[in-house]
Amino acid sequence: MELVIGTKKWSTWSLRPWLALKRIGVPFKEIEVELRRGDATEADIAKHSPSKLAPALKDGDLVVWDSLAICEYLAEKFPEAKLWPEDPELRALARSAAAEMHSGFSSLRGECPMDLGLIKHADLSEATQKDVRKITERWNQLLKRSGGPFLLGEWSIADAFYTPVATRFRTYGVHLSDYGDTGAAGAYCERLLETPEFLAWEAGA
């Protein structure tokens with residue numbers, strides 16, 4: 001298999017399926033395309049994917065694009081990896097959490113883009129603070145329900161989707177204790193950034 005990704009320092013969308021593939025432990029070829037070059041970036045990705053966006057997974061003649069679709073494909077192809085929780089209720093919650101991240105929190109995305117080479121203090125807008133409060137609340141709810149150590153128990157695709165969020169909180173000096181956290185969400189955030197898979201991504205960035 002081949003995974004087409006964007007610049008590791010910036011590409012949140014690429015990070016998610018990359019983490020899932022690393023978690024599975026199967027060999028794959030990584031094709032990194034430099035982002036933020038306008039038409040040149042689009043043209044380079046178009047050689048691999050009809051969406052002209054990263055990421056894209058190439059498995060033989062099949063091309064799967066979009067980070068959530070790729071992760072779902074991997075979960076079906078490698079059921080032994082247990083990329084979703086085995087418990088049906090926890091699995092439903094994990095899918096809900098991943099989908100919420102996939103389509104929501106637009107203010108946080110826009111105001112605090114992932115940049116693994118940056119550490120700065122940011123004065124967050126009201127809209128972004130609202131996103132942070134909601135994420136903190138969601139993490140605390142799900143951790144309490146599952147008992148941890150990850151969002152729905154063992155590591156899952158939901159955790160892959162929130163790892164880029166954890167990098168944002170670190171990059172922009174966001175302290176979850178300022179947004180209603182009593183410790184569980186902050187500890188989870190740190191845990192995401194300490195997984196061997198993320199550390200390998202960061203080292204390559």
Side-chain angles (χ1 to χ4, degrees), residues 1-84 94-95 97-119 155-172 192-193 195-205:
M1 290 189 293
E2 298 178 347
L3 185 66
V4 182
I5 62 174
T7 306
K8 284 185 172 180
K9 183 168 63 174
W10 302 321
S11 187
T12 64
W13 304 97
S14 301
L15 173 57
R16 300 163 180 175
W18 192 95
L19 291 173
L21 273 168
K22 284 292 185 180
R23 195 78 181 188
I24 293 166
V26 296
F28 66 97
K29 180 181 178 182
E30 178 183 303
I31 302 171
E32 186 172 352
V33 176
E34 185 181 354
L35 300 179
R36 302 183 182 180
R37 295 179 295 124
D39 292 342
T41 292
E42 185 175 289
D44 285 345
I45 299 176
K47 298 172 186 175
H48 306 283
S49 172
S51 72
K52 302 180 183 180
L53 297 169
L57 178 72
K58 301 168 74 175
D59 189 6
D61 294 331
L62 175 68
V63 178
V64 185
W65 62 95
D66 182 88
S67 59
L68 185 54
I70 294 169
C71 288
E72 288 282 14
Y73 175 74
L74 293 173
E76 291 185 353
K77 186 177 178 70
F78 302 100
E80 68 280 2
K82 300 178 181 178
L83 293 180
W84 290 118
R95 281 195 160 105
E100 184 175 31
M101 182 64 243
H102 195 50
S103 62
F105 309 117
S106 58
S107 186
L108 176 66
R109 294 177 194 273
E111 191 171 335
C112 301
M114 187 174 86
D115 189 336
L116 298 182
L118 178 69
I119 295 292
W155 191 93
S156 74
I157 289 169
D159 302 295
F161 271 67
Y162 281 98
T163 298
V165 176
T167 74
R168 288 176 163 103
F169 291 163
R170 180 182 66 180
T171 292
Y172 298 97
L192 290 177
L193 300 180
T195 64
E197 294 82 9
F198 173 72
L199 291 174
W201 171 280
E202 189 172 39

[Y] side chain reached by [X] side chain, heavy atoms, under 4.5 Å:
X      : Y      : value
Pro17  : Leu57  : no
Val165 : Phe105 : no
Phe28  : Lys22  : yes
Val4   : Ser49  : no

Could you go through the side-chain contact (heavy atoms from CB on, under 4.5 Å) check for Met1 and Leu62 one step at a time? CA-CA 10 Å; Met1 290 189 293; Leu62 175 68; over 6 Å; no
Please check this pair: side chain of [X] against backbone of [Y], looking for a donor-acceptor N/O pair closer than 3.5 Å.
X      : Y      : result
Glu32  : Lys8   : yes
Tyr73  : Trp65  : no
Thr167 : Met114 : no
Arg168 : Cys112 : yes
Asp44  : Thr41  : no
Thr7   : Lys9   : no

How many angstroms lie between [atom1] in [X] and [atom2] in [Y], if you round to the nearest 0.5 Å?
X      : Y      : atom1 : atom2 : result
Glu72  : Leu74  : CD    : CG    : 10.0 Å
Ile5   : Leu21  : CD1   : CG    : 10.5 Å
Arg23  : Phe78  : CZ    : CZ    : 15.5 Å
Trp155 : Thr195 : CH2   : OG1   : 7.5 Å
Arg95  : Ile157 : CZ    : CD1   : 7.5 Å
Leu116 : Phe198 : CG    : CZ    : 5.0 Å

Atom NZ of residue position Lys52 - does it have more than 12 heavy atoms of other residues, nucleotides or ligands inside 6.0 Å? no
Under the side-chain hydrogen bond (donor to acceptor under 3.5 Å, both in side chains) rule, collect the residues that match up with Lys29, sequence neighbours excluded. none
Does the side-chain contact (heavy atoms from CB on, under 4.5 Å) test come out yes or no for Asp115 and Trp10, once each step is laid out? CA-CA 5 Å; Asp115 189 336; Trp10 302 321; 3.8 Å; yes
Test side-chain contact (heavy atoms from CB on, under 4.5 Å), reference Thr12, set Pro113, Pro164, Ser67, output is Pro164
Give a yes-or-no answer on whether the side chains of Trp18 and Glu197 include a donor-acceptor pair shorter than 3.5 Å.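 No, because no side-chain N or O of Trp18 sits under 3.5 Å from a partner of the opposite role on Glu197.
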